[in-house]
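I have a structure here, written as structure tokens, and I will follow up with some questions on it.
As the structure is a computational prediction, the values presented were derived from the model and not from experiment. Whatever order the structure lists them in is the order used to number ligands and atoms, beginning at 1.
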Amino acid sequence: MSPSHPISLRPPTKQDGTPVWELIQRAGTLDLNSTYCYLLLCDLYADTCMVAEQHGRLVGFVSALLRPDNPEALFVWQVAVDPEARGQGLAKRMLTELLARPQADGVRYVEATIGPSNAASRALFRSLAKVGDCSMEESHEQGYGSTLFPAGQHEDEPLIRVGPLARRPS
Ligand SMILES: CC(=O)NCC[C@H](N)C(=O)O
């Protein structure tokens, strides 16, 4: 896709569920969840999810939720960019715009689990920490170790925590 076509961002709707599933397949770097899971995220968690469209085609997706045990923490589940839309800062743009939503007003920490093979995501969160002038911590204890997955099926997913983010002026 030529970079000349503008990319627009918006909250998802349930109609995006299958195109998101197809995007995650194309991205090839994330756990492919069920179509139902993406339908549910796009429908019930739209306030903290984002889709990116270019020329009518889905090229980016972020799924996230406010942690039930700590509403000040936004847990970012997946960040996906279509291979043809990479190199334009789209992942950072989606995350930044997600954090700018009113629903994210109380967010002080951004969390995610990132495996060693997902260098792009790790760099994204390191960049978020730099822009936010805050720290990025990593915890294997609070993440999801490979032993929690079926034997040999998954790499470690240590928890990454960026924050504290500055409070936005009300
Ligand atoms: C931030 C991010 O994309 N994490 C991925 C977690 C996990 N491997 C998944 O794909 O759901």
List below, pair by pair, the N or O atoms of ligand 1 and of the protein that are less than 3.5 Å apart, including the distance to 0.1 Å; reply 'none' if no pair qualifies.
| unit_1 | atom_1 | unit_2 | atom_2 | d |
| --- | --- | --- | --- | --- |
| ligand 1 | 3 (O) | Val79 | N | 3.2 |
| ligand 1 | 4 (N) | Trp77 | O | 3.1 |
| ligand 1 | 4 (N) | Thr113 | O | 3.0 |
| ligand 1 | 8 (N) | Asp31 | OD2 | 2.6 |
| ligand 1 | 8 (N) | Glu157 | OE2 | 2.6 |
| ligand 1 | 10 (O) | Asp31 | N | 2.8 |
| ligand 1 | 10 (O) | Asp31 | OD2 | 2.9 |
| ligand 1 | 10 (O) | Gln78 | NE2 | 3.0 |
| ligand 1 | 11 (O) | Trp77 | NE1 | 3.4 |
| ligand 1 | 11 (O) | Gln78 | NE2 | 3.0 |

Is Arg93 paired with Glu97 through a side-chain N to carboxylate O contact shorter than 4.0 Å? yes
Would Ser117 and Glu155 count as having a side-chain donor-acceptor pair, cut-off 3.5 Å? yes
Side-chain contact, heavy-atom cut-off 4.5 Å: Leu99 with Leu128? yes
In plain terms, say whether Asp82 and Arg57 are close enough for a salt bridge, that is, a side-chain N and a carboxylate O under 4.0 Å apart. yes
Are any of the side-chain nitrogens in Arg122 or Glu138 under 4.0 Å away from the carboxylate oxygens of its partner? yes
Running the 4.5 Å side-chain criterion over Ile, Leu, Val, Met, Phe, Trp and Tyr, what cluster does Tyr109 land in, apart from itself? none
